[in-house]
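Starting from 1, each residue takes its place in the sequence as its number.
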Amino acid sequence: TEADGAPDIGTAFDMVADGGTLYVADGTYAVSNRIYMQSGRSVRIVSLNGPERVTLKSSSGGDLRANGFKMIELRSAKAALCGLTLVGFSSTDYGLVTLANSGAVVTNCVLRDAKGRYNTSGIAVTMSAGTLVDTVVCGASGDNSGGGCGSGSALSMTDGTVERCVFTNNVHTGVGLAGTSGGAVAVSGGTVRNSLFADNECRSTSSIYVGGSATFDNCSIVGNRTGVTASETYRRTGFTVAGDAVVRNCLIADNTNVACGETNVTVTSSVPLDHCLVSTPDIAAEGGVIVARPKFNRKAGDWRLRNSSPG
């Protein structure tokens with residue numbers, strides 16, 4: 001790190017006063033103990049040259065594994081992470097980020113390879129407040145063989161705002177998640193806008209779940225998979241909309257049950273889909289819903305609609 005030239009992130013964080021900024025020079029830094037931002041301890045951790053050049057990686061030997069902590073917990077106003085890559089440990093039980101204050105922000109980051117068996121929900125990101133923006137969350141893996149890993153390996157969200165983010169190639173490999181809770185992404189409150197949810201997977205329930213009072217606006221939910229059997233019909237889709245959730249102006253396509261090829265989306269929400277493009281005739285073409293096959297270059301991993309696409 002720069003400024004006072006601290007040898008590691010933990011030491012540097014301890015040296016920064018409340019309300020200050022910790023600038024991180026290029027390199028890979030091991031993090032073995034939780035960085036905890038609470039009342040009276042708001043710090044901005046900012047890379048000098050962006051997430052391609054600065055990586056914070058979970059390491060054994062500290063309190064992360066022993067206590068199932070997230071690497072960084074933002075529980076104070078003005079706490080922020082900017083331009084960093086955060087990487088989980090090669091073993092299990094290492095979460096990455098908690099956002100739990102309306103003023104907390106994670107922006108322009110890459111959060112990858114978080115793993116958990118005994119961890120709580122939201123292995124990569126747990127949100128009850130704050131803002132996650134311009135961030136990629138990928139490679140998170142939940143496996144509740146340890147008996148404690150809940151839903152949302154990439155994101156478990158009860159409130160807050162997610163804006164212009166990408167959630168891709170996150171999985172939950174364990175069985176036994178209850179009901180329709182999302183294995184890869186579980187959102188029960190807050191607002192998600194202009195974000196992509198693609199190629200996520202869960203073995204035992206819906207891969208992507210939005211329920212409660214949550215709102216999805218202008219999002220693409222595409223190519224997500226669940227792998228349950230045909231008899232478990234209440235868990236059968238890659239994308240489930242429940243509770244009083246609002247899903248508006250979204251692209252919903254090619255979400256599948258790999259075991260039995262069931263429907264693209266299940267909607268039990270009290271609020272119908274609003275002006276969405278849906279790839280399969282699971283949903284009535286009403287309320288501005290267009291039922292048509294979108295055109296994009298899925299084999300190349302490009303989920304942007306072509307000019308000739310419906311919608």
Side-chain angles (χ1 to χ4, degrees), residues 86 88 95-97 109-116 119 121-127 132 135-144 149-157 162 164-188 190 192-211 214 216 219-228 232 235-242 245 247 250-266 278-280 294 296 298-304:
L86 273 59
L96 293 180
V97 174
C109 289
V110 176
L111 311 177
R112 63 178 178 86
D113 301 339
K115 294 179 173 62
N119 214 322
S121 299
I123 303 163
V125 181
T126 298
M127 287 187 70
L132 182 72
T135 289
V136 175
V137 183
C138 59
S141 176
D143 175 1
N144 65 349
C149 180
S151 58
S153 61
L155 173 67
S156 178
M157 177 179 176
V162 172
R164 298 189 304 275
C165 291
V166 174
F167 297 84
T168 187
N169 292 306
N170 302 290
V171 301
H172 197 299
T173 58
V175 297
L177 288 180
T180 53
S181 58
V185 172
V187 179
S188 60
V192 180
R193 292 190 293 260
N194 304 312
S195 294
L196 171 65
F197 300 82
D199 292 315
N200 301 286
E201 184 171 350
C202 181
R203 178 179 173 185
S204 63
T205 187
S206 294
S207 180
I208 311 296
Y209 172 89
V210 52
F216 269 36
C219 292
S220 294
I221 306 98
V222 290
N224 302 288
R225 302 172 298 279
T226 183
V228 299
E232 297 178 282
R235 301 176 179 178
R236 68 186 181 182
T237 62
F239 181 40
T240 293
V241 184
V247 176
C250 289
L251 168 62
I252 305 168
D254 294 349
N255 303 292
T256 60
N257 182 309
V258 298
C260 56
E262 285 288 343
T263 54
N264 173 41
V265 56
T266 294
V278 182
S279 66
T280 52
F296 34 56
R298 180 175 179 179
K299 289 184 178 180
D302 185 354
W303 291 103
R304 292 173 296 181

Q.
Measuring only between side-chain heavy atoms, which start at C-beta, is Cys219 closer than 4.5 Å to Val192?
A. yes

**Prompt:** Under a 4.5 Å cut-off applied to non-hydrogen side-chain atoms, are Leu111 and Val97 in contact?
**Reply:** yes

So OG of Ser141 and CG of Asn169: to nearest 0.5 Å the spacing works out to 12.0 Å

Which of Asn200, Asp199, Asn257, Val171 passes side chain to side chain contact (heavy atoms under 4.5 Å, CB included) with Arg225? It is Asp199

d(Asn255 CG, Ser206 OG) to nearest 0.5 Å is 9.5 Å

Should Leu196 and Val222 count as side-chain neighbours, where that means a heavy-atom distance under 4.5 Å?
yes

Value for CG (Asn224) from CG (Asn264), rounded to nearest 0.5 Å, stands at 9.5 Å

Note, Val162 side chain near Met127 side chain (heavy atom, < 4.5 Å)
yes

Of Phe239, Phe167, Tyr209, the one forming a ring-ring contact (aromatic ring centres under 6.0 Å, His included) with Phe197 is Phe167

**Prompt:** How about Ile221 and Val210: do any of their side-chain heavy atoms sit closer than 4.5 Å?
**Reply:** no

Thr168 side-chain N/O to Ala198 backbone N/O, donor-acceptor pair under 3.5 Å: yes

Does Val185 reach the side chain of Asn170, with side-chain heavy atoms less than 4.5 Å apart?
-> no

Rounded to the nearest 0.5 angstrom, the CG-CZ distance for Leu86 and Arg112 is 10.0 Å

message = Run the side chain to side chain contact (heavy atoms under 4.5 Å, CB included) test on Ile252 and Val247 for me, step by step, so that the C-alpha distance in whole Å, both residues' side-chain angles and the decisive distance to 0.1 Å come before the verdict.
response = CA-CA 10 Å; Ile252 305 168; Val247 176; 4.3 Å; yes

Output for pair (Leu251 CG, Ser279 OG), nearest 0.5 Å, gives 8.0 Å

Q) So, the side chain of Ser207 versus the backbone of Ala184: is there a donor-acceptor pair under 3.5 Å, distance only? A) no

Rounded to the nearest 0.5 Å, the CG atom of Leu132 sits from the OG atom of Ser195 at a distance of 8.0 Å

